[in-house]
Amino acid sequence: MSSVHNNIFSEIRQTVKQIPFGYVSTYGNVATALNLRDVRLVGWALHGNQDPSLPCHRVVKKDGHLASNYSLGGWQEQARRLQKEQVFFLKPNQVDLAKCFFDLTRVE
DNA sequence: AAAGTGACGCATT
DNA sequence: TAATGCGCCACTT
């Protein structure tokens with residue numbers, strides 16, 4: 001990853017930062033909020049992230065399953081962070097979107 | 001400079 | 001129901 005992003009990547013990060021504590025959003029929802037045609041860009045922007053102010057663990061797949069390739073420690077680490085925020089889980093690797101989904105298209 | 005690739009998701013076979 | 005294809009960005013080689 002490079003230094004400066006006056007591009008979609010910074011937009012993605014801005015959007016992800018709007019997900020409140022205790023809630024999650026999905027890759028697709030972020031993409032829709034930004035009118036992106038390629039959802040993979042969201043994952044790309046978060047891949048290898050080290051910024052603690054960027055809650056990348058709050059982004060999951062559309063059905064609530066955790067990121068299959070979560071960078072730092074795999075989905076188990078992502079699950080640990082979410083449980084710390086008292087997010088509801090249906091299964092060890094799947095959150096309850098019905099209770100914890102935050103729609104980013106509503107706030108933008 | 002060009003081609004390959006990816007924390008996904010939807011439509012098509 | 002499973003498998004495949006595409007998206008068209010940004011980054012890497």
Side-chain angles (χ1 to χ4, degrees):
Chain A
M1 304 305 172
S2 327
S3 40
V4 186
H5 300 291
N6 304 326
N7 45 25
I8 300 212
F9 276 37
S10 64
E11 302 269 334
I12 292 174
R13 290 202 297 267
Q14 282 291 334
T15 301
V16 170
K17 285 183 182 180
Q18 296 182 44
I19 307 173
F21 183 98
Y23 286 87
V24 299
S25 186
T26 66
Y27 295 99
N29 189 241
V30 175
T32 300
L34 294 175
N35 203 16
L36 298 180
R37 291 174 282 284
D38 193 340
V39 190
R40 295 178 296 175
L41 286 234
V42 179
W44 253 99
L46 303 180
H47 181 65
N49 168 59
Q50 295 185 14
D51 185 355
S53 69
L54 209 178
C56 58
H57 58 281
R58 296 184 190 144
V59 182
V60 301
K61 295 189 186 184
K62 181 152 201 226
D63 59 1
H65 278 98
L66 306 186
S68 26
N69 285 304
Y70 190 79
S71 296
L72 314 164
W75 65 265
Q76 292 191 358
E77 172 62 16
Q78 185 178 15
R80 197 182 68 77
R81 292 189 177 186
L82 291 174
Q83 285 170 348
K84 193 176 177 183
E85 301 190 2
Q86 301 175 346
V87 169
F88 289 93
F89 277 73
L90 297 176
K91 302 192 304 192
N93 66 333
Q94 185 181 27
V95 301
D96 190 348
L97 286 180
K99 294 180 180 175
C100 302
F101 177 64
F102 182 80
D103 190 353
L104 289 165
T105 66
R106 290 188 181 181
V107 293
E108 302 186 296

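Throughout, protein chains are lettered first and strands after them, A, B, ... in sequence-line order, and every chain is numbered starting at 1. Predicted model only: the values in this text are computed from it and were never measured. Both backbone and side-chain heavy atoms feed into the values below; hydrogens, waters and symmetry mates do not.
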Exercise for review: Between dA7(B) and dA3(C), how far apart are the C1' atoms? Round to whole Å, please.
Suggested key: 22 Å

Point to revise | Where protein sits on nucleotides 7-13 of chain B, one letter per nucleotide: B base, S sugar-phosphate only, - none, heavy atoms under 4.0 Å | key: BBSS---

Practice item. Check DNA chain B against residues 97-106 of chain A and give the residues with a non-hydrogen atom under 4.0 Å, in numerical order. Key: none

Review point. By side chain to side chain contact (heavy atoms under 4.5 Å, CB included), which residues pair with Asp51(A), not counting sequence neighbours?
Key: Lys17(A), Asn49(A), Ser53(A), Leu54(A)

Check your understanding: Asp63(A): what forms a side chain to side chain donor-acceptor pair (under 3.5 Å) with it, not counting sequence neighbours?
Key -> His65(A)

Exercise for review: Give every residue pair that meets the side chain to side chain donor-acceptor pair (under 3.5 Å) criterion with at least one member in residues 20-31 of chain A, sequence neighbours excluded.
Suggested key: Ser25(A)-Asn29(A), Asn29(A)-Asp103(A)

Check your understanding: Got a sec, which residues hit salt bridge (charged side-chain N to carboxylate O under 4.0 Å, His left out) with Lys84(A), two or more places apart in sequence or on another chain?
Key -> none

Check your understanding: Counting distance only, does the side-chain N/O of Gln78(A) pair as donor-acceptor with the main-chain N or O of Val59(A) below 3.5 Å?
Key -> yes

**Study point:** Contacts of type salt bridge (charged side-chain N to carboxylate O under 4.0 Å, His left out), residue Glu85(A), not counting sequence neighbours
**Key:** Arg58(A)

Extract all donor-acceptor atom pairs below 3.5 Å that involve side chains of residues 66-77 of chain A and protein atoms in other chains or at least two apart in sequence.
{"from": "Ser68(A)", "atom 1": "OG", "to": "Lys61(A)", "atom 2": "NZ", "distance (Å)": "3.0"}
{"from": "Tyr70(A)", "atom 1": "OH", "to": "Arg81(A)", "atom 2": "NH1", "distance (Å)": "3.2"}
{"from": "Ser71(A)", "atom 1": "OG", "to": "His47(A)", "atom 2": "ND1", "distance (Å)": "3.1"}
{"from": "Ser71(A)", "atom 1": "OG", "to": "Gly48(A)", "atom 2": "N", "distance (Å)": "3.2"}
{"from": "Glu77(A)", "atom 1": "OE1", "to": "Arg80(A)", "atom 2": "NE", "distance (Å)": "3.2"}
{"from": "Glu77(A)", "atom 1": "OE2", "to": "Arg80(A)", "atom 2": "NH2", "distance (Å)": "3.3"}
{"from": "Glu77(A)", "atom 1": "OE2", "to": "Arg81(A)", "atom 2": "NE", "distance (Å)": "3.2"}

Point to revise | Pairs involving residues 40-50 of chain A, ordered by first then second residue, that meet salt bridge (charged side-chain N to carboxylate O under 4.0 Å, His left out) (sequence neighbours left out) | key: Asp38(A)-Arg40(A)

Check your understanding: Given the P atoms of dC8(B) and dT1(C), what is the spacing between them in whole Å?
Key -> 23 Å

